[in-house]
Every structure is written in structure tokens, then in C-alpha cells.
Amino acid sequence: MLRLGLCCLFRQAPIKFRTTTARTISRLVRDAQLARLDQLCLENAQQLLSALDEVRRLGVGAFRVLSPLFPLYTHPEYGYQLEELPSAGPIQVTLAEVRRRKERYRIRLSFHPDQFVLLSSPRPEVTEASLRELNYQAELAEMIGADVINLHAGGVYGDKATALHRLAAQIESLPEAVRQRLTLENDDRSYHVVDLLPLCEKLNVPLVYDVHHHRCNPDGLTIEEATMACKQTWDRVKREPYLHISSPKQGWGANPKPHADFIELSDFPQEWQSLRATLDVEAKAKESAVLRLKEQLNLPDWLGEGSIHG
DNA sequence: GCATGTCAAGTTGTG
DNA sequence: CACAACTTGACATGC
């Protein structure tokens with residue numbers, strides 16, 4: 001059965017994640033910086049716990065955790081370690097409870113580092129910053145039990161084969177906590193499913209299939225072919241496949257890349273109807289969009305403990 | 001209060 | 001050459 005996933009934020013539910021900026025933090029002395037960051041991390045951990053309850057209440061089966069759960073954690077100047085925070089203990093306890101609830105509710109958790117995180121760059125400082133960020137997200141993933149850290153392949157730098165070679169080399173030398181969670185996703189500009197498949201098969205990296213990106217940036221594969229190829233990369237490691245969907249904000253005209261508030265049912269590939277997979281819904285209306293798609297597809301509530309499936 | 005400009009980070013494509 | 005787009009607006013400031 002398909003399980004739908006909500007991405008990062010809520011539009012209806014009163015669940016808010018907070019952040020700060022390097023500029024704001026820079027005006028404080030170190031102790032005050034850590035006190036401020038401590039407050040934000042603790043609040044965000046508590047909000048994540050509420051998020052799991054809300055996802056469960058909505059009958060949804062997956063949640064993507066936003067990258068800056070710990071704001072500025074990997075910043076070169078204002079970064080910090082969890083142990084430096086006065087509330088490190090309560091934060092860890094809260095995140096351990098997130099993990100327990102995710103297991104009880106059978107909710108799948110994932111991370112999607114943002115555009116600055118690349119393993120294909122020829123610039124060492126970009127790779128170093130990316131590795132810091134990946135290690136941070138893996139640390140969080142360990143604490144809450146997230147099984148996926150999903151990356152785009154990044155830039156081409158005028159030579160896709162060489163960029164892919166750098167990407168493969170970096171993947172092979174990742175720390176285990178990152179490596180076991182790393183997945184790659186086709187993007188809407190540079191890397192097709194067909195570009196990533198050889199690397200994914202060689203290194204046993206699961207491939208997340210984003211059908212909107214595929215439609216924006218076609219590679220000759222049909223949706224069914226791309227779906228099956230990606231599914232195989234997950235089958236090989238005996239894990240549930242991940243799919244992404246979104247609809248174009250202004251239709252399939254000049255610029256289909258920006259995301260719409262909701263998913264048009266006509267954009268949902270019928271090939272997916274009977275799949276066992278996680279489908280992240282990338283739509284601005286957040287849980288409203290997930291619920292609408294869930295109804296349109298006639299999917300039942302995703303049930304955890306006590307269900308006849310569980 | 002509310003409107004508005006700003007915010008760590010990469011790369012590509014468009015106007 | 002500036003800006004939008006990408007998984008996502010929220011925060012700080014000034015009126």
C-alpha cells in the first residue's frame with residue numbers, strides 16, 4: 001500500500017518550528033548565543049514530538065524533518081555541539097520519545113538536506129561544509145530513527161561524468177551513519193534517473209524518484225520504466241521505495257517547476273496506485289494537500305499500533 | 001501591531 | 001547581470 005508523507009511544515013495545525021540567523025546570533029556573547037540556541041533546539045524538539053502526533057492523527061505515514069531543527073548547528077563560526085547546550089539532556093529525552101512514537105505509529109522519518117549540500121563539487125570547501133551538514137543530519141537521524149537522508153547529485157560543472165565520479169568517490173568514503181541512510185534523487189535541471197542509476201546500482205544507493213522533476217527534465221524513460229528502475233534500487237537493499245510528487249503552480253506551461261498548493265489528481269501516475277512505497281507530497285498547502293490526495297486516491301488512514309496490519 | 005527587508009551555505013537557467 | 005528556483009518562510013526591524 002502507498003503511504004503518503006508530509007514535508008517539514010504544517011499549514012493548519014499550530015505546529016511551528018523556529019530558527020534564527022547568524023547575524024542575530026553574532027550580536028550576542030557566546031553564553032547568550034548558546035542560551036538562545038538552546039531554547040530554539042528544545043522548542044523545536046518538542047514541536048517535532050507534536051508533529052508526530054499530528055501526522056498520526058491525520059492518518060499519514062511519513063514525515064520529512066526540516067533541516068534546521070537545530071539552527072546554525074554546522075555554521076563555521078556560530079556552530080555548536082549538543083553537549084554545549086544547557087538543555088542537552090531534555091533535548092535528547094524529547095528526541096528519544098520522538099523515536100518511540102515513530103515506531104509505535106509506524107511513521108517513516110526522513111531528511112532532505114538543502115541545495116548547499118553537495119558531494120559532487122570540485123571545491124573542497126563546499127564538500128567539507130556538506131560533510132559537516134550530513135554528519136549533523138545523521139546524528140539527528142540516529143536520535144529519532146530516520147532511515148533516509150536524501151540528496152540531489154548537485155552541479156554538472158561542464159562535465160557530468162567527472163562530477164558523477166567525484167560524487168561516487170565521496171559516497172564511498174562517507175561515515176557509516178550517513179552512508180547507510182544516503183539516497184539520491186533525480187532533479188529538474190541536471191541529473192536524470194538514467195544518469196544516476198549506474199552509480200546507485202554500483203554502490204547500492206537507493207534512488208528516490210521525483211516524477212515532477214522527471215516531467216520537467218525528461219530522459220527518455222517512461223514513468224513506468226523510471227518507477228520500476230528506482231524501485232529495484234530499494235528492493236536490492238530490502239527497503240520501501242521513496243517517491244516524490246508535486247504539481248506545477250501555473251500548469252504545464254512556460255515554467256512548470258514551482259510547486260502548487262495542491263496535487264492535481266491528473267499528475268498522479270496510475271502506475272503508482274498499487275505500489276508499496278512512501279510518497280512525499282511536495283505541495284505548499286502541506287497537510288491539506290496530503291489529506292486531499294489521500295481522499296482522492298481512496299487511501300485508508302495509516303495505522304500504527306493495534307492495527308490489523310500491524 | 002503590522003509591513004517590509006533580510007537571511008550561511010551552491011548551481012543553473014531565465015529574463 | 002540580477003534573480004528565481006530548489007524540500008520550506010520566519011525573523012528582525014522600523015514605523
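Every chain is numbered from 1, with letters handed out A, B, ... down the list of sequences. Just so we're clear, the structure is a prediction, and the values are computed from it rather than from any experiment.
For the residue pair H213(A)/E185(A), the side-chain donor-acceptor check at 3.5 Å is satisfied. In this model, no donor atom of one side chain and acceptor atom of the other lie less than 3.5 Å apart for Q170(A) and T127(A). Between the side chains of S288(A) and Q12(A), at least one donor-acceptor pair of N or O atoms lies under 3.5 Å. No side-chain donor from either of Y191(A) and N217(A) sits under 3.5 Å from a side-chain acceptor of the other.
Nucleic acid contact for V117(A): none, since no nucleic acid atom lies under 4.0 Å from a heavy atom of the residue. E77(A) comes within 4.0 angstrom of no nucleic acid atom, judged by non-hydrogen atoms across all strands. Using a 4.0 Å heavy-atom distance criterion, Y157(A) is classed as a sugar-phosphate-only contact. Nucleic acid contact class of P68(A) (heavy atoms, under 4.0 Å, all strands): none. Q115(A) comes within 4.0 angstrom of a base, heavy atoms only. Within the nucleic acid shown, S130(A) has no heavy atom closer than 4.0 Å to any nucleic acid atom. Counting any heavy atom pair closer than 4.0 Å across all strands shown, K16(A) reaches no nucleic acid atom. Within 4.0 Å of H212(A), counting heavy atoms only, lies no atom of the nucleic acid at all.
dT8(C) and dA12(C) have their P atoms separated by 23 Å, given to the nearest Å. Distance noted for atom P between dC3(C) and dG5(B): 13 Å (whole Å). Annotation: dA8(B) and dC1(C) have their P atoms spaced 25 Å apart (nearest Å). The gap from the P atom of dC2(B) to that of dC6(C) amounts to 30 Å, rounded to the nearest Å.
Distances shorter than 4.0 Å separate some side-chain N or O of H259(A) from OP1 or OP2 on dT8(C). Listed pair R189(A) / dA5(C) fails the phosphate criterion, with no side-chain N or O lying under 4.0 Å from OP1 or OP2. OP1 or OP2 of dG9(C) lies within a sub-4.0 Å distance of a side-chain N or O belonging to K284(A). Between dA10(C) and T19(A), no contact under 4.0 Å exists linking OP1 or OP2 to a side-chain N or O.
Remark: R166(A) qualifies as a cation-pi partner of Y157(A) under the 6.0 Å distance and 45° angle criteria applied to the six-membered ring. With a 6.0 Å cutoff to the six-membered ring centre and a 45° limit on the axis angle, K16(A) does not count as a cation-pi contact of F10(A).
Taking atom CG of N217(A) as the reference point, atom P of dC6(C) lies 14 Å away to the nearest angstrom. Atom CG in D187(A) sits about 12 Å away from atom P in dC6(C), given to the nearest Å. At whole-Å resolution of the value, CZ in R64(A) and P in dC6(C) are 12 Å apart. Note: CD (E287(A)) to P (dT8(C)) measures 14 Å, nearest angstrom. The distance between atom CG of N44(A) and atom P of dT8(C), rounded to the nearest whole Å, is 18 Å. Between L40(A) atom CG and dA10(C) atom P there is a gap of 14 Å when expressed in whole angstrom units. Taking atom CG of residue D280(A) and atom P of nucleotide dT8(C), one finds them 11 Å apart after rounding to whole Å. In this structure, L6(A) places its CG atom 11 Å from P of dT8(C), rounding to the nearest Å.
A residue-by-residue look at R27(A) and L9(A) shows that L9(A) has its nearest nucleotide of DNA chain C further toward the 5' end. Nucleotides of DNA chain C nearest to T20(A) and C7(A) differ in position, and the one nearer the 5' end is that of C7(A).
Aromatic rings of H214(A) and Y209(A) (six-membered ring for Trp) have centroids within the 6.0 Å cut-off, being under it.
A salt bridge links D301(A) to K294(A): at least one charged side-chain nitrogen sits closer than 4.0 Å to a carboxylate oxygen. By the 4.0 Å N-to-carboxylate-O rule, E172(A) lies too far from R179(A) to be salt-bridged with it.
With a cut-off of 3.5 Å on both pairing distances, dA8(B) has no Watson-Crick or G-U wobble partner at all. Nucleotide dA2(C) forms a pair with dT14(B), judged by Watson-Crick or G-U wobble geometry with both contacts under 3.5 Å.
Boundaries of the chain A contact region on DNA chain B are dC7(B) to dG13(B), first to last in 5' to 3' order (nucleotide atom under 4.0 Å from a heavy atom).
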